[in-house]
Amino acid sequence: MLELSTTLTTVHFLYLIGVVVILSVMAMRRDTPIICIGFLFLLGLAATGSLAGAIQAVFNSTLYAAKEFMEIIATIALITALSKCLSELGSDYLMMKPLSRVMCTPSVTWWILGGVMLLFSLFLWPSPSVALVGAIMLPLAIHKGLTPMSAAIAINLFGHGIGLSYDFVIQGAPAISAAAAGIDTAQILTMGSPLFLTMGAATVVTAFLMNRKTMAGAGVGLPESQPQKPGGEKPAFKKHQKAALFIAVFTPLAFLGDILLMLGFGLKGGDATSLVSGTATLLMMIGAVLGFGSQAPEKVTDYLIHGFLFAIKIFAPVILIGAFFFLGGEGATTILGEQYQAGIMNDWAVWLAGRVPLNRYAAAALQMAIGAITGLDGSGFSGLPLTGALSRTFSLITGGATPIFAALGQITAIFVGGGTIVPWGIVPVAAICNVSPIELAQKNLVPVAVGFACTFIVACFLL
């Protein structure tokens, strides 16, 4: 039986104040790392009682978070490096071209465009996939009569919504949530799968039904910056024709082999991620050797630099934010000392469990609200350490399943901040489709809200 009593110290109250301040700053659409650094210093000062200890706490917490995120950072970097290699060879064009034959109507085109974006987002992540899918499939989609806004909605919801929130291949988002919640990534992906599927289905079906009458255009509205005409060949393809063709065929086969190995050997979590990352790295190397010959060493270096710069650019603020929120869980012991065995948030959970009546349904609604608020910074990932830590807190208080709470926070944080609701997170998709990011956000608002409502209802049955 869990002992529902604990002693709250200055550190606990400082941490709670920090959470409130960080959420408030996020709600004002301002960056939060500076706030996190300040509170890390204050928490270190309160915990150690010395200036040196406070300064060390800032670095130690940052180092702890960086270690927790390193696997995800490396995975994103290596897959982004592969994406650049595919683009330079022209293999990306060849992989997309066969789909042009089945795009017969705007409605069918919308689902194909979304499905391809989802597929590439699961293996390449949405950010590089936007350029990949948008630059090649968008001209084809417009040529088939789909309006740029409808195309943007499909790319956005399938990629930055479903693909980024579920993320069951690369497992970046669930890995962050699981690390903060103190559970295994596979638990979120398996127990939370009904929530991810409900959110995805409800959102895209609602978006399709709301926009089906206005999907058809006149084949106009394509951004002037698009480098090719519908059905035209990418210049890189002619230059590296044999290598491009081989890599275009071998790449999907290699990733299909990864999926079969995952299913056959039950590979999950870090094992599955390392398999995909290793495959991407080898494909990049093979593509560079076949396509560029003696220039391959320099090309591989260029791809790796590009990939890691991209990954660090995304995760640099997330590391500092995670450094603060990891104090809510097991990270507190490593960073602040042995006296914080359960984690600061968990101490608050025990305290609240004995004093505040909070049922699992109210906790689920609160978790979704907090996830949505954290997404206001336009990242989607910055709030995952908080929602992950809160999932364990709410589980202790209400007896609900930690993975379900974690999945709820992950879904709302990603859908809001990952690039479907906040205009400042939608700019890449809006730019490549030549539409207004504000208008795109407005188009997404109702479908995403419907998805949230349906997901909450399903969660009430699963908790």
Tell me if a side-chain donor or acceptor on Asn211 pairs with a main-chain N or O of Ala207 at a distance below 3.5 Å. yes
Over all heavy atoms of both residues, which pair between Ala152 and Val435 is shortest? Give the atoms and the distance, please. CB-CG2, 4.0 Å
Lys/Arg-Asp/Glu bridge criterion (N-O < 4.0 Å) met for Lys443, Glu439: no
Closest non-hydrogen atom pair, Leu195 against Ala407: CD1-CB, 3.9 Å
I'd like to check Val450 versus Cys454 (side-chain heavy atoms, cut-off strictly below 4.5 Å). Are they in contact? yes
Residues which pass side chain to side chain contact (heavy atoms under 4.5 Å, CB included) with Val21, listed by chain and number, not counting sequence neighbours: Ile17, Val25, Ile35, Phe39
Validation: residues 364-373 side-chain donor-acceptor distances under 3.5 Å, sequence neighbours left out:
{"from": "Gln367", "atom 1": "NE2", "to": "Thr387", "atom 2": "O", "distance (Å)": "2.9"}
{"from": "Gln367", "atom 1": "NE2", "to": "Phe405", "atom 2": "O", "distance (Å)": "2.8"}

Has the side chain of Glu88 got a donor or acceptor atom that lies under 3.5 Å from a matching backbone atom of Cys85? no
Find out whether Asp302 and Lys84 are in side-chain contact, i.e. whether some heavy atom of one side chain is under 4.5 Å from a heavy atom of the other. yes
With no hydrogens and no angle check, is any side-chain donor or acceptor of Ser83 less than 3.5 Å from a backbone partner on Ile79? no
Phe168 and Phe196: CA distance, side-chain angles, deciding distance, side-chain contact (heavy atoms from CB on, under 4.5 Å) verdict: CA-CA 10 Å; Phe168 65 87; Phe196 293 114; over 6 Å; no
Hey, what do you get for CG (Leu78) to OH (Tyr303), rounding to the nearest 0.5 Å? 14.5 Å
Below 4.5 Å, heavy atoms only, C-beta onward: do Phe456 and Thr412 meet side chain to side chain? no
Backbone N or O of Thr190 within a donor-acceptor pair of the Ser193 side chain at under 3.5 Å? yes
Any heavy-atom pair between the side chains of Leu157 and Ile162 that's under 4.5 Å? no
Dump the intermediate steps for side-chain contact (heavy atoms from CB on, under 4.5 Å) on Met199 and Val448, then the final yes or no. CA-CA 8 Å; Met199 181 66 196; Val448 172; 4.0 Å; yes
Give the ring-plane orientation class for Phe158 versus Trp111, where under 30° counts as parallel, over 60° as perpendicular and anything between as tilted. perpendicular
Taking the side chain as everything from C-beta on, heavy atoms only, tell me whether Met117 gets closer than 4.5 Å to Val429. no
Quick check against the 3.5 Å criterion: does Thr203 have a side-chain atom that pairs as donor or acceptor with the backbone of Gly200? no
Tightest non-hydrogen contact, residues Leu327 and Ala323, listed as CG-O, 3.8 Å
So Trp110 and Thr105, side-chain contact (heavy atoms from CB on, under 4.5 Å) or not? Walk me through it. CA-CA 9 Å; Trp110 191 86; Thr105 67; over 6 Å; no
Between Thr251 and Ser91, does the side-chain contact (heavy atoms from CB on, under 4.5 Å) criterion hold? Intermediate values first, please. CA-CA 9 Å; Thr251 295; Ser91 299; 6.0 Å; no
Atom of Ile142, atom of Pro148 and distance for their closest heavy-atom approach: CD1-N, 3.7 Å
Ile22 CD1 to Leu386 CG distance, which is reported to the nearest 0.5 Å: 8.0 Å
Phe381 and Pro317, any side-chain heavy atoms less than 4.5 Å apart: no
Backbone of Ala389 reached by a side-chain donor or acceptor of Arg392 within 3.5 Å: no
For atom CD1 of Ile34, is the number of surrounding heavy atoms from other residues, nucleotides or ligands below 6.0 Å larger than 12? no
Nearest-0.5 Å distance, CD1 of residue Ile414 to CD1 of residue Ile421: 13.0 Å
Kindly compute the distance separating CZ (Phe461) from CD1 (Ile457), expressed to the nearest 0.5 Å. 8.0 Å
To the closest 0.5 Å, what do you measure between CE (Met215) and OG (Ser107)? 5.5 Å
Would you please say whether a donor-acceptor pair under 3.5 Å links the side chains of Gln410 and Ser177? yes
Kindly give the heavy-atom pair with the smallest separation between Asp167 and Leu164, and that separation in Å. CB-O, 3.6 Å
Greater than 12 external heavy atoms within 6.0 Å of Phe308's CZ: yes
Test of understanding: with side chain to side chain contact (heavy atoms under 4.5 Å, CB included), list the residues that count as partners of Ala66, not counting sequence neighbours. Ile319
Side-chain heavy-atom pair Leu82, Thr281 within 4.5 angstrom cut-off: no
Considering only residues two or more places apart or on different chains, which pairs with a residue in residues 449-463 satisfy side-chain hydrogen bond (donor to acceptor under 3.5 Å, both in side chains)? none
Are His160 and Ile426 close enough that some pair of their side-chain heavy atoms sits under 4.5 Å apart? no
Pairing residues for Asp258 by the side-chain hydrogen bond (donor to acceptor under 3.5 Å, both in side chains) criterion, not counting sequence neighbours: Thr279
Check side-chain hydrogen bond (donor to acceptor under 3.5 Å, both in side chains) between Thr402 and all other residues, then give those that pass, not counting sequence neighbours. Ser395
Nearest 0.5 Å, what's the CG-CG distance between Leu390 and Leu384? 11.5 Å
If every non-hydrogen atom of Met210 is compared with every non-hydrogen atom of Val446, which pair is closest and at what distance? SD-CG1, 3.7 Å
